[in-house]
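Here is the structure we will look at.
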Amino acid sequence: MTPPPAKPAATSPKGCLITTPIYYPNAAPHLGHAYCDVAADVLARYYRSTGQTVLLLTGTDEHGQKIARAAADKGISPQAHVDEQSAHFRDLAATLTMSNDDFIRTTEPRHHHAAQAFWRELAASHAPDGQSNVYLGHYAGWYSARDETFFQESELVDGKAPTGAPVEWTEEATYYFRLSAWQDRLLAYFRQYPDAIQPASRRNEVLAFIERGLTDLSISRTGVSWGIPVPDAPGHVMYVWTDALVNYLTAIDFPDRDSQRFQQFWPAKLHLVGKDIIRFHCIIWPAMLMAVGLEPPQQVFAHGFFISGGQKMSKSIGNVVDPFELVRRYGADSFRFYVMSEFAFGQDGDFQEANLAQRHNSMLANDLGNLSQRSLSMLQRYLAGTVPSWPDAARLETADNALLTLASQNLPAYHQAMTELAYHRALELIWQVITAANQYVDTQAPWSLHKQGSARLPIVLRVLTEVLAWLSVLLTPFMPGSMAALQANLQLPSDRANLVALTSHQPLLPDGATLMPPTPLFPRLDLSTFGKDGDDA
RNA sequence: GGCGGCGUAGCUCAGUGGUAGAGCAGUGGACUCAUAAGCCAUUGGUCAUAGGUUCAAAUCCUAUCGCCGCCA
């Protein structure tokens, strides 16, 4: 009834394709990868809960000179190197309880097939000016292997790339993509769909960049062997970005445009990216897609980066945070909750482990965990754990209705926040209900009702358990593990544990279930060790 | 160097012309179902600085300082 998303899922053939970037496995996964995984997963779980069919993708981008060199340094083959490195990213997704439906590796045969097919289509296509989209040219310029990027002489700073990476003079035959011819189409597209690039500040940057004029893009290399061969062009392999972007199509059976998955999931609903790669996703990728006659993704959303303790994370400062270690210490759900609640998605944030622990205690243990514990303990103690029947509307008093109304009133704003990826706002709305529920416990004082033998007691406890079920559904995208535990404790049937059932105006919980005694959802952490010198490593 | 953003309570931030706000942290109180949690109350800010416009400025304008982003 309430969600703004216009199409009811049941009648909509379109699914939601949600992607993270495929990560470059030249180093261990870091906090930024974990952040993006979590954000994508929260959204995917949210849309599934609303009844939509979701395809959530992540993976690794395994080609390029940098990978080949790292492998050579280790004295192993590139394939052995990426096999080992890619596994860490797969582990990270699992560690974070990410519900990805697939994990794309660009070294897989299916991806080679898709990437080469994409190239062929691109090469056979024509730009708006009537010329071929791909042409053979000659490249002479500076190349930074670390950035996998070409730079012009004027872009160099002290003889190095703007990023500080060393560059080498490179002269070779190369295929170009006629990006310059797509400038007007791109501008028209982004002006027609203002939400296609978010946040707005990134959109403005992209538009400004396009307006200044685009130059054609070198899309093949000859000096590199670790890559996907360009079809019918011996000696050429695809530039790593040309290859990598196609991964989003690989997963949906490209080049088979008639396949059910392709039909269902393209165009992608959302590419989540770091702000460092928006140009690839907002200029090159849409242009290439238009070139082969495919729609650009509906939205590219650039998330922010973390700093730590007010400084950029770097190994030399020693403030690098290992996501595996954090999950080991606090659990996946606390980690997920912290990064989703503390920061405005799309803005940079200062990641501080002490704040994570603080938030775990104050919001998860004290507010939510204790609400659950006190409610279910009283149910256990006063009513032998039996869920009371849902009362007739006439028996509900002002306080009951006020709490239930607040919950349902916040729902439209919750949906809006979720669809806008304003996760912290969604959680704030949920917490209003949690706070109200704790106030409700105090004002209704079930312990007094019990002493008085009041008929109000089962009503109040049923309202509380129902609100807990409600909260568990809204919070499942953020904290799937803990909320599953809560739902098991409440004996919420799995077919009721979603946003479709929640908006049905029917109580979520079955009457009369007998619940087991509760166990604390989020045990409190001892914070006395924070603020002192040494964290244990 | 150009363009843009930001600078508000100890911390994270909301607030774009009309009496300075929220959460967390701190302090006090009443309660006791609960993870010594929760609830109620409360301390705390010359809104970066200096000018200007206005009856009225955190909000609009100018300059300066600091941080950040994009571009060159």
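Values in this document were obtained by computation on a predicted structure and should not be read as measured data. These values consider heavy atoms only, across backbone and side chains, with no hydrogens, waters or symmetry-generated copies. Order of the sequence lines sets the chain letters (A, B, ...), proteins ahead of strands, with each chain counted from 1.
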Please list, chain by chain and in numerical order, all residues satisfying side-chain contact (heavy atoms from CB on, under 4.5 Å) with [X], sequence neighbours excluded.
{"X": "Arg524(A)", "result": "Asn361(A), Ala365(A), Asn366(A)"}
{"X": "Ser180(A)", "result": "Arg178(A), Asp216(A)"}
{"X": "Ser448(A)", "result": "Ala445(A), Gln452(A)"}

Using the side chain to side chain donor-acceptor pair (under 3.5 Å) rule, collect all pairs that involve residues 183-202 of chain A, keeping only residues at least two apart or in two chains.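 Found Arg191(A)-Glu211(A), Arg202(A)-Glu205(A).
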
Looking only at the aromatic ring of each residue, does the gap between the centers of Tyr175(A) and Tyr239(A) stay below 6.0 angstrom?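 Aromatic pair excluded; centres sit 6.0 Å or further apart.
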
Rounded to the Å, how far apart are Glu211(A) CD and rA72(B) P?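 The answer, rounded to whole Å, is 14 Å.
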
Could you list, one pair per line, each protein nitrogen or oxygen that sits under 3.5 Å from a nitrogen or oxygen of nucleotides 3-14 of chain B, together with the distance?
none

Does any nucleotide pair with rG66(B) by Watson-Crick or G-U wobble geometry, both distances under 3.5 Å, and what is it?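 Because both required distances fall under 3.5 Å, rG66(B) counts as paired with rC6(B).
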
Pair assignment for rG23(B), Watson-Crick or G-U wobble, requiring both distances under 3.5 Å: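 rG23(B) is paired, partner rC11(B).
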
Please determine whether a side-chain nitrogen of the Lys or Arg among Asp442(A) and Arg374(A) lies less than 4.0 Å from a carboxylate oxygen of the Asp or Glu.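 Looking at Arg374(A) together with Asp442(A), the answer is yes, because their closest N to O distance falls below 4.0 Å.
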
Salt bridge between Asp400(A) and Arg462(A), side-chain N to carboxylate O under 4.0 Å?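 Not counted as a salt bridge, because no side-chain N and carboxylate O are separated by less than 4.0 Å.
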
Distance between the C1' atoms of rA58(B) and rC47(B), in whole angstroms?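 Comparing C1' positions in rA58(B) and rC47(B) gives a spacing of 4 Å.
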
Nearest-angstrom distance, C1' atom, rA9(B) to rA72(B):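 Pairwise C1' distance, rA9(B) against rA72(B), rounds to 40 Å.
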
Is it true that Arg359(A) and Ser341(A) share a donor-acceptor pair across their side chains at a distance under 3.5 Å?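 Ser341(A) vs Arg359(A): donor-acceptor pair found between side chains.
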
On RNA chain B, compare the nucleotides closest to Ile434(A) and Phe209(A); which residue's is nearer the 5' end?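 Checking each residue's closest nucleotide, the 5'-ward one belongs to Ile434(A).
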
Whether each nucleotide of nucleotides 28-38 of chain B has a protein heavy atom under 4.0 Å at its base (B), only at its sugar-phosphate (S) or at neither (-) is summarised, 5' to 3', as ----SBBB-SB

